[in-house]
Amino acid sequence: MELDERKIKILHAIIKNYLETGEPVGSRTISKDTDLNLSSATIRNEMSDLEEMGYILQPHTSAGRIPSDKGYRFYVDSLMTDKIQEIDDMKDQLEKKADHIEHLLQQAAKMLAANTNYASVVTKPKVKHKKVKFIQLTSMDADQILFVLVLEGNIVKNRMIHTKEPVDQEMALKLNLMFNTFLQGLDMTEINLSLIQKMKEESGPYAGLVGDILDAVAEIVSDVDNVEIYTSGATNILKYPELSDSQKASELLGTFEEKHLLTELLSEKNSTDDGSHQIQVYIGEESPLDSMKDCSIVTATYEVSDGVFGKIGIVGPKRMDYEKVVTTIRAMMSDLDDIFKNKEERR
């Protein structure tokens with residue numbers, strides 16, 4: 001069997017009704033849809049076919065039907081219209097906090113949760129490709145130097161490094177030349193043992209200091225890799241009966257407390273995003289997290305500058321209002337893009 005136009009319309013009507021009520025949908029309810037103009041008997045036959053095809057389920061013998069994960073997937077991929085509506089006051093509120101990125105992203109998470117009535121997740125931007133733009137070493141006094149590392153995307157990190165040997169300004173200049181010659185333009189993943197050994201050989205008596213500096217580089221990159229996550233509206237999911245079971249609710253709320261799990265959810269390996277900001281939708285069993293197998297998750301990427309990205313996510317029941325979620329998430333993504341782009345242009 002194939003999904004013909006009539007089956008698609010009935011499946012669409014079942015999903016729309018279930019999204020609104022959370023109750024199994026019967027043939028009599030569907031027959032009242034004036035756009036279909038079909039008898040209850042015809043609708044029952046079509047619903048039977050849809051169930052056999054795996055698009056809907058009957059939770060109880062005498063109950064109506066509810067969408068399956070396959071049905072939701074069809075709805076997301078084929079039936080959901082891409083209506084982009086402006087959320088008029090969203091950008092104004094966000095721009096007030098543009099100079100404080102933590103407050104900005106906290107506010108973004110709150111607004112996503114408030115606008116959708118689901119749970120939201122927003123990550124702080126991180127460098128996708130950690131290429132070295134510039135390194136600066138400055139002798140501060142007899143036993144310490146200031147190390148400054150500038151990564152692609154104008155991410156600036158610094159460390160004070162204590163030295164066993166005194167480093168004067170002349171030596172600092174030589175070290176600057178060496179580090180920039182070897183490392184400038186490299187991704188951090190390209191700094192291997194062979195390269196480190198070669199740098200140490202060229203630095204002579206300062207091999208130990210070079211090793212300390214390279215350790216500082218590794219520490220900085222580790223800090224850059226640590227993703228800061230902002231969440232809001234986790235308790236919203238308790239409003240939906242299918243997620244309010246004590247065990248399910250406990251697992252879900254626990255996931256929002258465990259930031260490493262949310263990092264896993266929003267990681268690159270679980271994304272097909274290619275930089276074009278496409279929206280990713282996980283339905284039920286498609287979720288990367290076991291605790292969210294009864295949920296739907298919608299994620300997207302916003303861009304701060306070239307090579308610097310952050311993630312947005314919405315978590316709700318499988319019967320979430322996909323159109324509203326996608327519309328809201330697109331608007332937020334666009335606003336964050338614009339805000340960060342304007343900040344870059346003002347610099």
Side-chain angles (χ1 to χ4, degrees), residues 84 87 90-91 93-116 118-131 133 150-157 187-188 220-234 255-256 258-282 288-289 292 297-315 325-347:
I84 307 302
I87 301 176
M90 186 176 288
K91 185 178 289 188
Q93 291 183 48
L94 286 173
E95 285 181 333
K96 291 177 182 177
K97 296 182 179 289
D99 292 331
H100 305 281
I101 188 168
E102 290 83 4
H103 293 157
L104 168 67
L105 297 179
Q106 287 170 353
Q107 183 73 355
K110 288 179 181 178
M111 294 175 68
L112 286 170
N115 275 281
T116 61
Y118 305 128
S120 67
V121 183
V122 180
T123 70
K124 195 172 181 178
K126 61 179 290 187
V127 182
K128 193 170 187 179
H129 301 291
K130 296 175 282 294
K131 287 188 176 181
K133 286 186 68 174
V150 182
L151 296 171
E152 189 177 71
N154 293 323
I155 303 297
V156 180
K157 297 290 181 178
D187 190 281
M188 299 308 299
I220 287 171
V221 172
S222 177
D223 286 347
V224 171
D225 282 337
N226 289 332
V227 179
E228 290 189 44
I229 296 179
Y230 307 92
T231 63
S232 185
T255 299
F256 280 91
E258 298 291 337
K259 295 301 174 71
H260 70 278
L261 293 177
L262 296 178
T263 301
E264 172 70 14
L265 174 66
L266 299 172
S267 69
E268 291 299 320
K269 69 179 181 180
N270 290 322
S271 173
T272 60
D273 190 82
D274 56 3
S276 61
H277 290 15
Q278 76 179 51
I279 287 178
Q280 185 87 0
V281 181
Y282 306 96
L289 299 180
M292 292 186 177
I297 306 156
V298 183
T299 67
T301 303
Y302 67 91
E303 184 175 7
V304 174
S305 60
D306 189 26
V308 184
F309 298 91
K311 288 281 188 176
I312 303 169
I314 298 290
V315 180
V325 167
V326 170
T327 296
T328 304
I329 214 167
R330 282 189 187 278
M332 178 64 73
M333 185 170 54
S334 175
D335 289 345
L336 288 172
D337 282 352
D338 289 346
I339 289 168
F340 285 118
K341 181 180 178 182
N342 291 336
K343 284 185 70 178
E344 287 295 315
E345 290 174 350
R346 289 196 297 266
R347 287 179 180 174

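Everything numeric here is computed off the predicted structure, so don't read it as measured data.
- At a threshold of 4.5 Å between non-hydrogen side-chain atoms, the residues I329 and I314 count as touching.
- Using a 4.5 Å cut-off on side-chain heavy atoms (C-beta onward), Y118 and V315 make no contact.
- One finds the NZ atom of K124 at 11.0 Å from the CG atom of L104 (value rounded to the nearest 0.5 Å).
- Summarising the geometry, atom CD belonging to E258 is positioned 11.0 Å from atom CD1 belonging to I229; distances are rounded to the nearest 0.5 Å.
- Here Y230 contributes atom OH and L262 contributes atom CG; the two are 13.5 Å apart, rounded to the nearest 0.5 Å.
- Using modelled atom types and a 3.5 Å distance limit, the side chains of S232 and K110 yield no donor-acceptor pair.
- T123 contributes a side-chain N or O that, together with a main-chain N or O of K311, makes up a donor-acceptor pair within less than 3.5 Å.
- Remark: D335 CG to R330 CZ distance equals 13.5 Å, nearest 0.5 Å.
- The nearest pair of heavy atoms linking A119 to A234 is CB-CA, 3.9 Å.
- The side-chain hydrogen bond (donor to acceptor under 3.5 Å, both in side chains) check on T255 picks up S291, with sequence neighbours excluded.
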Going through the checks in order, is the side chain to side chain contact (heavy atoms under 4.5 Å, CB included) test met by I312 and Y302?
CA-CA 7 Å; I312 303 169; Y302 67 91; 3.8 Å; yes

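- A pairwise comparison of heavy atoms in I279 and A300 identifies CG1-CB, 4.0 Å as the closest pair.
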May I have the step-by-step check of side chain to side chain contact (heavy atoms under 4.5 Å, CB included) for V281 and I297, ending in yes or no?
CA-CA 6 Å; V281 181; I297 306 156; over 6 Å; no

Let's go through F256 and L261 carefully: what are the C-alpha distance in whole Å and the side-chain angles of both, what is the deciding distance for side chain to side chain contact (heavy atoms under 4.5 Å, CB included) to 0.1 Å, and is it a yes or a no?
CA-CA 8 Å; F256 280 91; L261 293 177; over 6 Å; no

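- Here the straight-line distance linking atom CG of L112 with atom CG of L105 works out to 10.5 Å at 0.5 Å rounding.
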